[in-house]
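What you are looking at is a predicted structure, and each value in this text was computed from that prediction instead of being measured. The chain is numbered in sequence order, starting from 1.
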Amino acid sequence: MSRFQVVSGKGGTGKTTVAAALSLALATEGKRTLLVEVEGRQGIAQLFETEVLPYEERKIAVAPGGGEVFALAIDPEQALLDYLQMFYKLGSAGRALKKLGAIDFATTVAPGIRDVLLTGKACEAVRRKDKSGRFVYDHVVMDAPPTGRITRFLNVNDEVAGLAKIGPIHNQAQAVMRVLKSPETAVHLVTLLEEMPVQETADGIAELRAAKLPVGRIIVNMVRPEVLDEAELELVRAAPRSALARSLSAAGLGGARRGGNAEKLVDPLLTQAEEYAERYALEHEQRSVLSELQLPLHELPLFTEGMDLAGLYELANELRKQRMS
């Protein structure tokens with residue numbers, strides 16, 4: 001399993017939840033995982049039911065077997081100050097620039113600088129080693145921008161490297177791209193079994209492949225349970241209305257004991273069956289589209305009552321069972 005796991009997906013597919021569950025799955029059996037947030041939404045803090053994350057690595061969860069999950073919300077301004085100190089030893093001068101608004105200008109106006117800082121900080125965590133020479137983190141998981149932006153977000157370092165032919169910025173960009181385009185990295189895409197998310201996933205994979213960025217796996221999130229299979233749906237379609245009414249009555253539904261009429265239940269039940277059949281057909285069609293992309297495919301269940309910390313651990317366990325860790 002690659003050490004740097006990047007998780008992207010169309011908005012609304014639950015990519016942050018999947019990234020959080022993946023970090024727990026990878027931290028199993030004593031391993032250490034760093035979960036990185038780059039969009040400033042504090043979604044990780046909400047999922048793990050903890051306070052707002054500062055710009056520092058903080059332990060937020062313990063995984064089965066004693067593993068640990070740390071989290072980091074990367075702030076572009078702070079990352080730029082780190083960069084200025086690391087390469088130019090500006091120190092207090094960098095802080096003075098921040099007061100003047102120069103830092104904010106550089107991270108919001110200068111093309112590509114913001115994304116270089118975000119990816120660079122994550123890649124530094126991937127490469128970091130302790131005094132004994134061991135990696136500080138076994139895995140780094142990034143909750144990345146949505147699918148429509150992911151290729152440009154990850155590939156922006158190439159653009160910066162092209163602009164800066166020499167010097168620290170050039171070297172930094174090249175070092176980041178060596179990590180991003182190596183076997184150490186895998187970019188996973190989260191989708192739903194719906195037409196628009198699946199199409200955006202297919203487009204995103206094509207863009208990543210064209211940029212020679214390492215595509216990992218497709219994770220289908222919020223999959224609803226299969227109530228009826230194709231054969232059972234065909235039986236429902238073929239069954240006479242009168243036979244359905246008799247079956248309902250025999251089961252004590254709508255009969256004399258309820259003071260109603262079983263026939264009144266047939267139409268709403270058939271309508272529900274038709275709606276289910278449409279969804280069943282759509283989901284199977286979208287699975288076929290995803291299978292044509294020739295990538296490992298994983299499915300995670302829908303939690304009808306919403307996602308909480310217990311549900312997050314359940315998803316992590318499901319990912320472990322599907323060998324995502």
Side-chain angles (χ1 to χ4, degrees), residues 1-28 31 33-48 53 60-61 63 69-74 115 118-119 121-123 125-126 137-155 179-181 183-192 197-198 200-205 207-209 211 213-223 290 293 295-300 307 311-313 315-320 322-325:
M1 200 68 177
S2 301
R3 295 190 58 251
F4 188 24
Q5 312 280 318
V6 180
V7 180
S8 181
K10 178 177 169 57
T13 59
K15 69 176 179 66
T16 299
T17 300
V18 172
L22 180 58
S23 70
L24 277 170
L26 291 168
T28 304
K31 295 181 180 179
T33 300
L34 176 65
L35 177 57
V36 176
E37 181 177 79
V38 297
E39 295 185 280
R41 295 185 297 108
Q42 289 291 330
I44 292 172
Q46 293 175 32
L47 281 169
F48 284 94
L53 296 174
I60 59 170
V69 176
F70 289 76
L72 170 65
I74 302 178
D115 291 348
L118 295 173
T119 53
K121 188 69 176 177
C123 289
V126 173
Y137 295 107
D138 297 289
H139 296 281
V140 175
V141 179
M142 177 190 281
D143 176 22
T147 315
R149 290 206 305 116
I150 187 61
T151 301
R152 183 172 179 81
F153 173 77
L154 295 177
N155 209 38
V179 174
L180 293 177
K181 291 190 174 183
E184 281 189 294
T185 300
V187 185
H188 309 303
L189 296 183
V190 181
T191 186
L192 306 178
V198 168
E200 190 163 314
T201 297
D203 293 342
I205 288 169
E207 291 175 1
L208 288 165
R209 285 171 169 167
L213 289 162
V215 186
R217 308 178 184 209
I218 299 170
I219 304 169
V220 183
N221 196 24
M222 294 186 270
V223 177
L290 292 172
L293 299 173
L295 288 171
L297 192 64
H298 302 268
E299 295 192 4
L300 296 175
M307 179 58 58
L312 201 59
Y313 275 85
L315 283 185
N317 186 52
E318 187 65 32
L319 288 171
R320 283 193 295 272
Q322 296 186 34
R323 300 186 182 277
M324 271 287 289
S325 62

My understanding is that only residues two or more places apart in sequence, or in another chain, count here; which of them pass side-chain hydrogen bond (donor to acceptor under 3.5 Å, both in side chains) with Gln46? none
Smallest separation among heavy atoms of [X] and [Y], with atom names:
X: Ala144; Y: Val38; answer: CA-CG2, 4.2 Å
X: Ala25; Y: Leu319; answer: CB-CB, 4.1 Å
X: Ser23; Y: Thr33; answer: O-OG1, 3.5 Å

d(Ser8 OG, Leu154 CG) to nearest 0.5 Å is 8.0 Å
Atom pair CG (Leu213) and NZ (Lys181), whose distance is rounded to the nearest 0.5 Å: 5.5 Å
Could you work out, with side chain to side chain contact (heavy atoms under 4.5 Å, CB included) as the rule, every residue matching Ser2, not counting sequence neighbours?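 Testing Ser2 for side chain to side chain contact (heavy atoms under 4.5 Å, CB included), a comparison that skips the adjacent residues, returns Gln5, Ala186.
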Results of side chain to side chain contact (heavy atoms under 4.5 Å, CB included) for Arg217 - residues two or more places apart only: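 Once residues adjacent in sequence are excluded, the partners of Arg217 under the side chain to side chain contact (heavy atoms under 4.5 Å, CB included) criterion are Met1, His188, Pro296, His298, Met324.
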Partners meeting ring pair (Phe, Tyr, Trp, His ring centres under 6.0 Å) with Tyr137 (sequence neighbours left out): Phe70
All ring pair (Phe, Tyr, Trp, His ring centres under 6.0 Å) counterparts of Phe48, not counting sequence neighbours: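 By the ring pair (Phe, Tyr, Trp, His ring centres under 6.0 Å) rule, Phe48 matches no residue at all.
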Is there side-chain contact between Val220 and Thr191, with heavy atoms separated by less than 4.5 Å?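 The answer is yes, as the side chains (C-beta and beyond) meet within the 4.5 Å cut-off.
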Are Ile60 and Leu53 side-chain neighbours, meaning at least one heavy-atom pair lies under 4.5 Å? yes
Can you list everything that forms a salt bridge (charged side-chain N to carboxylate O under 4.0 Å, His left out) with Glu200? Sequence neighbours excluded, please.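 Glu200 satisfies salt bridge (charged side-chain N to carboxylate O under 4.0 Å, His left out) with Lys10 only.
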Answer with yes or no whether the side chains of Thr16 and Asp143 bring together a donor and an acceptor at under 3.5 Å. yes
